[in-house]
Amino acid sequence: MNVKMTRRHFIGTAAVAGAGMNLHFSSVANAAECGSTVSATAKPVLLGGKPVRTKGFQSWPVVSEHDETSIQEVVHSGRWYRGKSVEEFEEAYAKLNDAKYCLATSSGTSALYASLGGLGVGPGDEVIVPPYTFVATVNVVLLNYAMPVFVDSDRETFLMDPKKLESAITPRTAAIIPVHIGGAAADMDNILAIAKKHNVPVIEDACQAHLGQWRERNLGTLGTTGCFSFQISKNLGSGEGGAVLTNDESMANKCFAFHNNCRKRKTASYNFTYEGGRATNIRMTEFQGALLLSQMRGLEQRAKTRHENGKYLTGMLREIPGIVPARMYDGCTRNAYHLYMFRYQPEKFSNLPRQKFMKALSAEGIPCSGGYGPLNKASFIKNALNARPYVKVYGKDTIAKWDDDNRCPENDKLCEEAVWFTQNMLLGPRSDMDEIAEAVRKIKKHAEILVKS
Ligand SMILES: *Cc1c(COP(=O)(O)O)cnc(C)c1O
């Protein structure tokens, strides 16, 4: 979410509400509260009150002079292609995460694409994915003409339900892609155990989970590969960019070749050797490598701040009936909080609809969104499956029953309940968290009047 846009939108909303709704509020409020005096700040902005928060949250990205100097160096070097900075970044990012190998790519999508390329996933294969994720997780499956198989979400955690995983595995399963959505760890103990039992590789989609942990090990280092995104909204950014982590030397080489038109690492100029095989060019540029090296300086501190603020905010929000913060699995020793996610239960808020709740919260200076829709029901997937290549490979009957085989009822409910805050909102002082909780409590207190407004 664009923070500046949101703030501008917020100021607009607040001004309109403040100017237009005073009259409306006083009549309703007097009736409901028997004329008791309510201070202006105690009223929701949508009812003519003052916002809890007038300042914006920490802007994103956080830019320093180091970013400028590293970019300038690249500009003047004339070496703008994949080179020294990218290799330095790969080494640093592998070390930081305690992984043996790191491959930098042009995006998180291409990191996933390289991983599936490294595994040789193709038509006739099935790839298991969760429905609560960004479209890229599924797009890389479709790009390989493999069959996406959805495993429903655990509504409490927003993550792939490991209890429903094993029954989705067939002899055609070529990979499982658990997604650490919002930066919270998927249940890696159970997912890895099931994958091992059936000898299926695990590709972690850690695009939202930089420095998140499962039993003190960094996310993205537990599966066959782990994939990261450095798109600007992510917790580490270079505009666009991505990385694959792996401890498997053969996978590292295969992913490298796939990402570099089948050329090996350490080959100079055009004097390279082909490995042979289908491949592409999804290399990272020096500009991205240099920016990532300078942006990494603040990464650990920001991860700590988000984790602490997230925990503190959960402590307050879970005391408010009708607000259910996403539960973390016991093994999640650090949540990367790319998103702060909770479920909103309107029945505990006098049936105030979620849209109205979010509008009221945004008006208080707390920007929020409703998050993902049900991906397994997205029309682009149906269109892909009904197009010629899929029909040819899988046959009409398989495709006709795909809908029935891929229902995710828990996820459908989750998509109607979710509310998100973005990662930058967790980067400020604790008092920012207090204000978020205060705004929610204020809306709850006035929910009955807000429903009628
Ligand atoms: C951002 C994201 C991706 C894709 O990364 P890009 O760098 O935008 O290509 C994939 N999966 C998840 C869960 C993401 O959040």
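Position 1 is the first residue of the sequence, and the numbers go up from there. In listed order, ligands and their atoms are each counted from 1. Keep in mind it's a predicted model, so treat the numbers as computed, not measured.
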>> My understanding is that only one of His210, His338, His180 makes a ring-ring contact (aromatic ring centres under 6.0 Å, His included) with Phe228; could you say which?
In response: His210
>> Donor-acceptor check, side chain of Arg217 to backbone of Trp214, threshold 3.5 angstrom: yes or no?
In response: no
Pairwise, report which nitrogen or oxygen atoms of ligand 1 are under 3.5 angstrom from protein nitrogen or oxygen atoms, and how far apart they are.
residue, atom, partner, partner atom, Å
ligand 1, 5 (O), Ser229, OG, 3.3
ligand 1, 7 (O), Gly108, N, 2.8
ligand 1, 7 (O), Ser229, OG, 2.6
ligand 1, 9 (O), Gly108, N, 3.4
ligand 1, 9 (O), Thr109, N, 2.9
ligand 1, 9 (O), Thr109, OG1, 2.5
ligand 1, 11 (N), Asp205, OD1, 3.3
ligand 1, 11 (N), Asp205, OD2, 2.8
ligand 1, 15 (O), Gln208, NE2, 2.8
ligand 1, 15 (O), Lys234, NZ, 2.9

Enumerate donor-acceptor pairs with a distance under 3.5 Å from any side-chain N or O in residues 286-298 to protein atoms, sequence neighbours excluded.
residue, atom, partner, partner atom, Å
Glu286, OE1, Lys84, N, 3.3
Glu286, OE1, Ser85, N, 2.8
Glu286, OE1, Ser85, OG, 3.2
Glu286, OE2, Gly83, N, 2.8
Glu286, OE2, Ser85, N, 3.2
Glu286, OE2, Val86, N, 3.0
Gln288, OE1, Thr285, N, 2.8
Gln288, OE1, Thr285, OG1, 3.0
Gln288, NE2, Glu240, O, 2.6
Ser294, OG, Asp67, OD1, 2.6
Ser294, OG, Ser70, OG, 3.4
Ser294, OG, Leu291, O, 3.0
Gln295, NE2, Val62, O, 3.1
Gln295, NE2, Asp67, OD1, 3.2
Gln295, NE2, Asp67, OD2, 3.0
Arg297, NH1, His66, NE2, 3.4

>> Parallel, tilted or perpendicular, judged at 30° and 60°: which one describes the rings of His307 and Tyr337?
In response: tilted
>> Is the ring pair Tyr390/Tyr145 parallel, tilted or perpendicular, if the boundaries are 30 and 60 degrees?
In response: tilted
>> Around atom NZ of Lys377, are there more than 12 heavy atoms from other residues, nucleotides or ligands closer than 6.0 Å?
In response: no
